[in-house]
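Worksheet: one structure, shown below.
Computed from a predicted model, the values in this text were never measured in an experiment.
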Amino acid sequence: MFFRDVIGQDIAKKRLIQEVNEGRIPHAQIICGAEGVGKLPLALAYARYISCNNRGSEDACGVCPSCVKFNKLVHPDLHFMFPIIKNAKTKKEVCDDYIAEWRRFVINSPYFNLNHWLNEIQAENSQALIYAKESDEILRKLSLKSSEGGFKISIIWLPERMHQVCANKLLKLLEEPPEKTIFLLVSENSEMILPTILSRTQRLNIPKIDAECIANTLQQKYGIQELDSYSIAHTASGNFIKALEAIHLDEEKQLFFDLFVSLMRLSYQRKIREMKLWSEQVAAMGREKQRNLLEYCQLMIRENFIFNLKQKELTYMTANEENFASRFSPFVNERNIIGIMNELSIAQQHIEQNVNAKMVFFDFSLKMIVLLKQ
Ligand SMILES: [Zn+2]
């Protein structure tokens, strides 16, 4: 992460760069702001800039030994603390046990939220924390001499998730900071942090990202059409994570549309072999996606039924979906609509009950052969 990779936030960038160039880097800073505004990307770019051996006036050089290590986030003087879950099976209990996953995840997608991270470490629905044990880790790391004579930088992502014991240790460190040590706290809920910690950190508030900057990034890095990029940026209201989710949803919807269309065609043409392959493809997708696909199928069947009743103005379909409906809707009628919806809800129940997905979807496609002829 370089400053140039951080979306928008020119004022914050300028302030951080100025601090470094004027030699007044605070030993503890808290970067505060809502989800998806780029707090962690800013902290990463700032840490890289501080450590760079040959920094320019606006960004790190990218080629010095320090920058090369930052490319993989393996600089020996860069430390991370972030919420994790203790895993008795794998014996993971401190951040360093998750450091490989963390580095890969942050490098691939520096704009993410706690849910995304928990998903990555397969800890859905678990209470993630920065545990008490982490405070021993941080003391140990900071007692080491900095390997290259520069600053030791600790980035603490979501300090509001810190266990009390750990927070107290951190407070001690902030009261008597070890030499050449920088703490960067990246927070979404600073009111949940000990006031004594807050009073010892310099605060940097990060506003929402400019809609213009989000739209530009969507066009340049994600190949989104200009008009779409502005509409996504508008709904994202300054949160880049939300903008990414919108793109992702569009992709998912396109996939579901393709799957729906091909299943209806295969069932109508009674192509059993291909139907089996289709079921295998869907079975490989994961439960969450399968659930969403079934919901999408229900929606499409309902819309096609309404379309068939010549109530087009009551439907909500994209141009693609409507184009398909103009040919497919005659097959969804008073005689089979209840049957199809029943089969979809049975499939849904079975998916919830962890029945073999290949069987569930293949079974559904077989029923559709009969239903579509009614
Ligand atoms: Zn450099």
Side-chain angles (χ1 to χ4, degrees), residues 224-225 227-228 230-232 234-236 242 245-353 355-374:
I224 306 289
Q225 299 285 318
L227 214 63
D228 295 340
Y230 279 98
S231 108
I232 295 174
H234 177 74
T235 13
K242 234 172 144 185
E245 280 173 353
I247 304 177
H248 183 70
L249 273 183
D250 276 1
E251 280 170 3
E252 188 169 85
K253 207 172 163 198
Q254 182 61 43
L255 169 73
F256 289 168
F257 172 70
D258 294 341
L259 285 169
F260 178 77
V261 169
S262 66
L263 179 67
M264 293 305 131
R265 286 205 176 118
L266 295 174
S267 296
Y268 184 74
Q269 296 164 354
R270 305 185 171 212
K271 292 191 168 163
I272 307 286
R273 220 180 110 83
E274 282 90 342
M275 281 157 54
K276 216 160 183 185
L277 290 174
W278 184 95
S279 315
E280 278 163 19
Q281 186 194 346
V282 173
M285 285 191 330
R287 298 269 150 187
E288 180 70 31
K289 248 183 172 171
Q290 289 161 3
R291 230 177 282 152
N292 294 345
L293 171 64
L294 286 168
E295 242 165 61
Y296 179 81
C297 291
Q298 286 177 331
L299 179 84
M300 283 305 282
I301 293 294
R302 202 162 38 226
E303 296 292 288
N304 274 274
F305 182 60
I306 299 171
F307 196 95
N308 188 14
L309 294 176
K310 311 281 182 269
Q311 303 282 326
K312 212 179 124 194
E313 65 284 355
L314 292 179
T315 61
Y316 300 91
M317 289 189 277
T318 63
N320 263 347
E321 290 165 348
E322 198 170 309
N323 184 23
F324 177 68
S326 66
R327 284 164 289 133
F328 175 67
S329 61
F331 297 97
V332 185
N333 50 50
E334 297 91 332
R335 294 180 299 285
N336 62 11
I337 175 86
I338 294 176
I340 299 177
M341 290 309 250
N342 272 344
E343 290 305 329
L344 279 167
S345 74
I346 291 170
Q348 235 163 3
Q349 277 169 30
H350 285 166
I351 289 298
E352 292 302 333
Q353 293 158 3
V355 178
N356 182 324
K358 223 189 302 182
M359 303 275 285
V360 174
F361 283 98
F362 186 55
D363 201 41
F364 171 69
S365 65
L366 289 173
K367 303 259 173 56
M368 282 305 289
I369 292 182
V370 183
L371 285 160
L372 284 177
K373 303 274 154 138
Q374 286 175 1

Check your understanding: If you look only at pairs with a residue in residues 340-353, which of them pass as a salt bridge (charged side-chain N to carboxylate O under 4.0 Å, His left out), with sequence neighbours excluded?
Key -> R291-E352, E343-K367
Check your understanding: Which residues pass the side-chain hydrogen bond (donor to acceptor under 3.5 Å, both in side chains) test with Q254, sequence neighbours left out?
Key -> D258
Review point. Shortest non-hydrogen contact from I301 to V332?
Key: O-CG1, 3.8 Å
Practice item. Specify whether Y296 and F260 have parallel, tilted or perpendicular ring planes, treating 30° as the upper limit for parallel and 60° as the lower limit for perpendicular. Key: perpendicular
Practice item. Please tell me if the side chains of M264 and N304 come closer than 4.5 Å, counting only heavy atoms from C-beta onward. Key: no
Revision key, fill the gap. Closest heavy-atom pair, K253 versus E321, reported as atoms and distance to 0.1 Å, is CE-OE2, 3.5 Å
Check your understanding: Quick one: side-chain hydrogen bond (donor to acceptor under 3.5 Å, both in side chains) partners of Q348, sequence neighbours excluded?
Key -> Q298
Check your understanding: Has the side chain of N333 got a donor or acceptor atom that lies under 3.5 Å from a matching backbone atom of N336?
Key -> yes
Practice item. Name all residues meeting the side-chain contact (heavy atoms from CB on, under 4.5 Å) criterion together with Q311; count only those two or more places apart in sequence or in a different chain, and write none if there are none. Key: I306, L309, E313, L314
Exercise for review: Check side-chain contact (heavy atoms from CB on, under 4.5 Å) between N342 and all other residues, then give those that pass, not counting sequence neighbours.
Suggested key: I338
Point to revise | pair Q290-V282: side-chain heavy atoms closer than 4.5 Å | key: yes
Review point. Do the non-hydrogen side-chain atoms of L255 and M285 ever get within less than 4.5 Å of each other?
Key: yes
Review point. Between L294 and I351, what is the shortest heavy-atom contact and its length?
Key: CD1-CG1, 3.9 Å
Point to revise | Qualifying residues under side-chain contact (heavy atoms from CB on, under 4.5 Å), relative to A283, sequence neighbours excluded | key: A357, K358
Practice item. Supply the atom-to-atom distance R302 CZ to M341 CE, rounded to the nearest 0.5 angstrom. Key: 4.5 Å
**Study point:** Taking every non-hydrogen atom, the tightest pair across A246 and I232
**Key:** CB-CG2, 3.8 Å
Point to revise | Atom pair NE2 (H234) and OH (Y230), whose distance is rounded to the nearest 0.5 Å | key: 13.5 Å
Review point. Hey, what do you get for CD1 (I340) to CE (M368), rounding to the nearest 0.5 Å?
Key: 4.0 Å
Practice item. Compare every heavy atom of L344 with every heavy atom of C297, then report the nearest pair and how far apart it is. Key: CB-CD2, 3.8 Å
Practice item. Mind checking ring-ring contact (aromatic ring centres under 6.0 Å, His included) for F257 and listing every partner two or more places apart, or none if nothing turns up? Key: none
Point to revise | Note, D363 side chain near H350 side chain (heavy atom, < 4.5 Å) | key: no
Review point. Do E295 and L299 touch side chain to side chain, with heavy atoms closer than 4.5 Å?
Key: no
Review point. About how many Å separate CG of L293 and CZ of F361, when rounded to the nearest 0.5 Å?
Key: 5.5 Å
Exercise for review: Report yes or no: is the cationic atom of K373 (NZ for Lys, CZ for Arg) under 6.0 Å from the centre of the six-membered ring of F331, at an angle within 45° of the ring normal?
Suggested key: no
Check your understanding: Pairs in or reaching into residues 269-281: which pass side chain to side chain donor-acceptor pair (under 3.5 Å), with residues at least two apart or in two chains?
Key -> S262-W278, Q269-K271
Exercise for review: Apply ring-ring contact (aromatic ring centres under 6.0 Å, His included) to F324 and list each qualifying residue two or more places apart in sequence or on a separate chain.
Suggested key: F328
Check your understanding: Mind checking what makes salt bridge (charged side-chain N to carboxylate O under 4.0 Å, His left out) contact with E252, not counting sequence neighbours?
Key -> none
